[in-house]
Amino acid sequence: MKEFDKIHFVTSNRNKYEEASEIFGRYKLRLEWVNISVEEVQSDLLLDVILWKGYDILKILGNVPFIVEDTGLFINYLNGFPGTYSSYVYKSIGCKGILKLLEGVEDRTAYFLSYGLLHMKNNIFKLFKVRIDGIISFEERGMGGFGFDPIFIPEGHKITYAEMGPSVKNNFSHRGKLFNMIAKYILSRRLVM
Ligand code: ITT
């Protein structure tokens with residue numbers, strides 16, 4: 001039974017689309033980029049943000065299969081900051097600002113948390129969650145990636161996401177794992193043929 005012709009990925013961030021699309025390509029699945037930016041609800045909880053995002057997109061796109069994703073960088077020493085405010089914080093103080101806040105700080109542990117919400121049809125959603133632990137480096141390293149990639153070293157590695165290059169980052173990153181999970185779910189449910 002054929003359920004989806006294509007799946008829309010709704011994001012205003014081209015880098016996110018390219019990473020997700022590369023993962024889906026490994027499963028011969030096609031993602032269609034829908035470049036819409038929705039105003040995000042102000043909450044400390046990423047779960048609130050993703051659920052509202054899904055609801056808002058449903059009102060815009062209607063009854064079509066789509067995915068939305070929301071990610072935040074949570075730094076333990078800063079009590080989870082920037083968390084759900086990652087986008088604003090990146091645009092305002094960037095990686096340099098984060099490094100400044102952590103000057104002289106020993107506890108550099110942090111994690112990326114990502115939620116993905118898949119709308120199948122008729123208001124039926126499936127929620128996916130991935131957390132990747134790591135540390136904040138002492139300086140920006142690497143030319144690849146985007147956002148906080150130059151300062152995040154995932155656990156078990158010595159290099160930042162930005163030093164890995166896109167395909168290797170996708171093997172270990174929050175988004176890589178998230179879209180792997182979503183692709184496997186779609187195939188296991190035979191939602192795409
Ligand atoms: P959409 O909400 O339109 O999808 P966005 O860029 O606002 O795009 P998020 O809210 O999910 O996406 O992410 C918030 C910020 O966190 C983002 O702007 C980046 O600065 C940072 N970020 C997200 N994913 C990242 C990643 O894989 N590597 C580094 N930084 C990331």
Side-chain angles (χ1 to χ4, degrees), residues 7-23 31-57 60-61 66-75 78 80-99 101 110-119 127-137 140-155 157 159-182:
I7 305 156
H8 301 85
F9 180 29
V10 185
T11 177
S12 60
N13 186 326
R14 172 184 288 277
N15 297 288
K16 284 173 60 166
Y17 168 70
E18 282 172 358
E19 289 181 5
S21 178
E22 198 257 342
I23 294 289
L31 267 187
E32 176 136 325
W33 185 18
V34 180
N35 184 356
I36 302 178
S37 180
V38 286
E39 199 167 326
E40 290 183 7
V41 66
Q42 297 279 300
S43 167
D44 291 349
L45 287 180
L46 206 60
L47 188 56
D48 282 344
V49 179
I50 189 78
L51 294 179
W52 278 106
K53 229 172 167 179
Y55 179 68
D56 284 343
I57 298 295
I60 296 169
L61 290 188
F66 68 84
I67 298 167
V68 279
E69 176 235 280
D70 210 68
T71 293
L73 174 66
F74 295 77
I75 299 173
L78 303 176
F81 181 85
T84 53
Y85 308 102
S86 292
S87 177
Y88 175 72
V89 170
Y90 179 73
K91 283 184 208 139
S92 51
I93 64 171
C95 292
K96 286 190 176 45
I98 295 288
L99 291 175
L101 291 174
Y111 58 92
F112 269 107
L113 184 62
S114 282
Y115 280 106
L117 190 61
L118 168 68
H119 174 251
L127 184 66
F128 301 83
K129 177 185 177 186
V130 169
R131 169 178 164 158
I132 296 289
D133 285 90
I135 54 168
I136 303 296
S137 57
E140 289 180 77
R141 285 177 8 205
M143 304 298 284
F146 69 100
F148 298 110
D149 282 350
I151 57 169
F152 186 77
I153 302 174
E155 212 167 69
H157 297 265
I159 56 175
T160 64
Y161 275 164
E163 289 175 295
M164 290 181 172
S167 190
V168 178
K169 176 190 171 189
N170 251 351
N171 289 337
F172 302 109
S173 74
H174 46 285
R175 184 162 303 100
K177 288 199 171 13
L178 191 75
F179 278 83
N180 263 296
M181 281 164 69
I182 299 175

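The model shown is predicted, which means the values in this text are computed figures rather than measured ones. Just so you know, ligand 1 is whichever comes first in the structure, and atom 1 is the first atom listed for that ligand.
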Find all protein N or O atoms under 3.5 angstrom from an N or O atom of ligand 1 and list the pairs with distances, or write 'none'.
residue  : atom   : partner : partner atom : Å
ligand 1 : 2 (O)  : E40     : OE2          : 3.2
ligand 1 : 2 (O)  : K53     : NZ           : 2.7
ligand 1 : 3 (O)  : S12     : N            : 2.8
ligand 1 : 3 (O)  : S12     : OG           : 2.6
ligand 1 : 4 (O)  : T11     : OG1          : 2.6
ligand 1 : 4 (O)  : K16     : NZ           : 2.8
ligand 1 : 6 (O)  : N13     : ND2          : 3.0
ligand 1 : 10 (O) : D70     : OD1          : 3.3
ligand 1 : 11 (O) : K16     : NZ           : 2.6
ligand 1 : 11 (O) : T71     : N            : 2.9
ligand 1 : 12 (O) : K16     : NZ           : 3.0
ligand 1 : 13 (O) : T71     : O            : 3.4
ligand 1 : 24 (N) : R175    : NH2          : 2.9
ligand 1 : 27 (O) : K169    : NZ           : 2.8
ligand 1 : 27 (O) : H174    : NE2          : 2.8
ligand 1 : 27 (O) : R175    : NH1          : 2.9
ligand 1 : 28 (N) : D149    : OD1          : 2.5
ligand 1 : 28 (N) : K169    : NZ           : 3.4
ligand 1 : 30 (N) : F148    : N            : 3.0

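Not less than 6.0 angstrom separates the ring centroid of F128 from the ring centroid of Y115. Ring centroids of H174 and Y161 are separated by less than 6.0 Å, placing the two rings close together. In this structure, the ring of F9 has its center no less than 6.0 angstrom from the ring center of F66.
When all heavy atoms are compared, the tightest approach of S86 to L73 is OG-N, 3.0 Å.
Of the possible donor and acceptor atoms, one in the side chain of Y17 sits under 3.5 Å from a partner among the backbone N and O of L31.
Using a 4.5 Å heavy-atom threshold, the side chains of F74 and R131 count as separate.
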